[in-house]
Q: 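Provided herewith is a single structure, encoded as structure tokens, for subsequent inquiry.
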Amino acid sequence: MWTVVAGHLGLTEPSVPLLRDHIVWQLRLPRALGAAVVGAGLAVTGAVMQTVTRNSLADPYLLGVSSGAALGAVGVIVLGLAHGVAALTAGAFLGALLAFGVVVALAGGSSPTRVVLAGVAIGQLCAAVTSFVVIWAAEPHATQSITFWLSGSLARVDWTALAWASATLAATLGVVLLKARALNAFAFGEEAAASLGVDVGRVRWLLLVTTALLTAVLVAISGAIGFVGLIIPHAVRFLTGPDHRRVLPVVALAGAIFLVWVDTAARTVFEPRELPVGVLTAILGVPAFAFLLRRGGTR
Amino acid sequence: MLDIDDVSWSAGATRILYEVTAAVPRGSLVGLLGPNGSGKTTLVRAVAGLLRPARGRVTLGEDDVAQQPRAVIARRIALLAQHADTDLDLTVTDVVLLGRFPHRRSRWSDGSDDHEIVERALRRVDLDGLAHRKWQTLSGGERQRAQLARALAQEPELLLLDEPTNHLDIGHQLQLLSLVRRSGVTTLAALHDLNLATMFCDSVVVLDQGRVVAAGEPAKVLTPALLSDVYGVNAEILDHDGRPVIVYRRPPA
């Protein structure tokens with residue numbers, strides 16, 4: 001593998017058969033890097049959402065943002081508006097924002113439990129509408145992609161998609177790290193944060209829109225992969241303590257490593273068949289979810 | 001030092017505050033009294049700059065609070081709420097360090113004197129032995145003292161208390177208010193317990209249905225007639241070494 005990479009970087013003369021070269025350079029490498037970017041992005045988004053909504057069960061998947069993004073992306077495909085990552089991302093972004101807006105409106109900023117209830121309901125609704133749209137369109141291409149959008153897979157990541165996702169991830173990381181101390185001030189709720197001098201409305205809007213945008217890009221390239229954003233932040237806080245200046249960088253790193261690892265497992269465990277990676281993260285994530293729920297995480 | 005001048009505020013069509021005028025002189029502890037729903041919490045929030053009065057203004061020193069940026073208000077006014085809780089695994093020091101947030105000079109690192117100020121704040125509320133304890137393991141009284149230390153770490157000109165003793169037993173109520181008194185910071189405190197008010201406040205302001213119905217020294221303001229009008233209770237005021245003590249009569253069954 002290293003020979004292929006070195007060859008492409010112009011370090012050595014290409015010396016590997018073309019097929020193997022193609023597999024490594026066009027399939028394996030973007031996929032592994034994609035897993036890292038998607039894992040890091042989902043985990044950071046989960047960590048930020050958990051703090052801003054004051055709910056330890058928040059993650060882009062549970063709050064319906066991923067499903068909304070998937071619906072937006074499928075909508076773009078079915079309506080035949082355009083192809084390519086940019087159009088998919090635009091559709092996914094609209095879907096993500098719309099879903100999240102409805103969730104926030106339904107929950108009315110009240111109890112953290114209602115945020116999750118609203119998120120689950122909207123997530124289900126988006127998934128149902130996605131199925132409906134796909135069946136109604138009866139387009140083979142769209143039907144084929146429904147599994148992809150709803151359960152998540154990294155098989156389609158190419159270099160263009162990777163570039164988009166990496167750039168969005170880098171920008172989002174920059175924004176959330178600048179707001180790391182403000183996030184710490186949310187520990188005792190919004191009113192307490194405001195009385196400590198945080199412009200709560202502006203910070204919350206900034207963080208939620210940035211993370212919704214990141215979620216949209218991630219869903220556009222990988223579908224809705226659940227539970228990464230839920231498990232990783234909790235595992236990391238267990239190690240680093242609650243200070244976001246430490247939590248956020250470690251969460252990004254841990255999310256990246258976790259998803260590369262899980263995607264490799266999804267690809268190889270049942271060889272030659274491949275599991276959608278979202279199925280595997282759900283299998284790992286649901287017990288973690290149950291554990292948090294039992295520990296009184298919805299308080 | 002704090003002047004509340006003709007402040008009105010409504011939630012939709014419901015009037016919560018109506019032409020409220022009151023003052024808190026420098027160094028004093030002023031009690032804000034009144035039954036549930038009389039507008040105490042709303043007034044505290046207006047003073048804290050958390051809501052903007054529809055009419056009138058709140059001035060601290062020379063400055064209109066509503067015109068100041070959030071970060072500036074937070075360096076001058078600290079708020080201690082009824083009840084604070086978190087799911088996060090914070091230590092007492094982490095909690096008190098939050099009080100340094102408005103004074104941050106860097107977006108990333110803590111200030112060099114922050115830890116010293118935090119230690120001093122903990123000593124001022126007699127919590128210096130618990131600096132490394134986890135929030136989740138604290139009793140209700142310790143939690144409120146930790147929040148008071150956080151408020152003092154903000155180094156505020158004005159301390160706002162919103163019924164801070166609601167969830168505490170009598171020993172911890174007395175302890176918390178004497179710590180507030182001992183801090184020497186100018187304080188406006190919404191209180192439920194009238195005997196605590198007569199014990200700790202230099203003066204009181206009584207709200208009823210969003211209006212100020214009486215203000216001044218506790219001994220002069222808290223009369224049987226006022227308590228009957230405002231709280232609908234039948235009470236007798238006893239004199240205990242010059243301090244009024246309120247004794248309630250049981251309502252007829």
Q: Measure B:Ala81 against the heavy atoms of chain A and call it side chain, backbone, both or neither at under 4.5 Å.
A: neither
Q: Let me know if A:Ala194 has heavy atoms under 4.5 Å from chain B in its side chain, its backbone, both or neither.
A: both
Q: Measure A:Ala193 against the heavy atoms of chain B and call it side chain, backbone, both or neither at under 4.5 Å.
A: neither
Q: Going by side-chain contact (heavy atoms from CB on, under 4.5 Å), B:Pro25 matches just one of B:Asp202, B:Val30, B:Thr186. Which one?
A: B:Val30
Q: State, without any angle test, whether B:Gln154 and B:Arg150 hold a side-chain donor-acceptor pair at a distance under 3.5 Å.
A: yes
Q: How about B:Asn36 and B:His192: does a side-chain donor come under 3.5 Å of a side-chain acceptor?
A: yes
Q: Is any NZ, NE, NH1 or NH2 atom of the basic residue among B:Asp89 and B:Lys134 found under 4.0 Å from an Asp or Glu carboxylate oxygen of the other?
A: yes
Q: Side chain, backbone, both or neither: which part of B:Ile73 has a heavy atom under 4.5 Å from chain A?
A: neither
Q: Chain A heavy atoms under 4.5 Å from B:Arg75: which part of the residue, side chain, backbone, both or neither?
A: neither
Q: By a 4.5 Å heavy-atom criterion (distance strictly below it), what part of A:Val200 contacts chain B: side chain, backbone, both, or neither?
A: neither
Q: Taking atom types as modelled and ignoring hydrogens, do the side chains of B:His172 and B:Thr165 form a donor-acceptor contact shorter than 3.5 angstrom?
A: no
Q: So which of A:Asp199, A:Val198, A:Asn184 has the largest heavy-atom pair count under 4.5 angstrom toward chain B?
A: A:Val198
Q: Determine whether the side chains of B:Thr21 and B:Asp6 contain a donor N or O and an acceptor N or O closer than 3.5 Å.
A: no
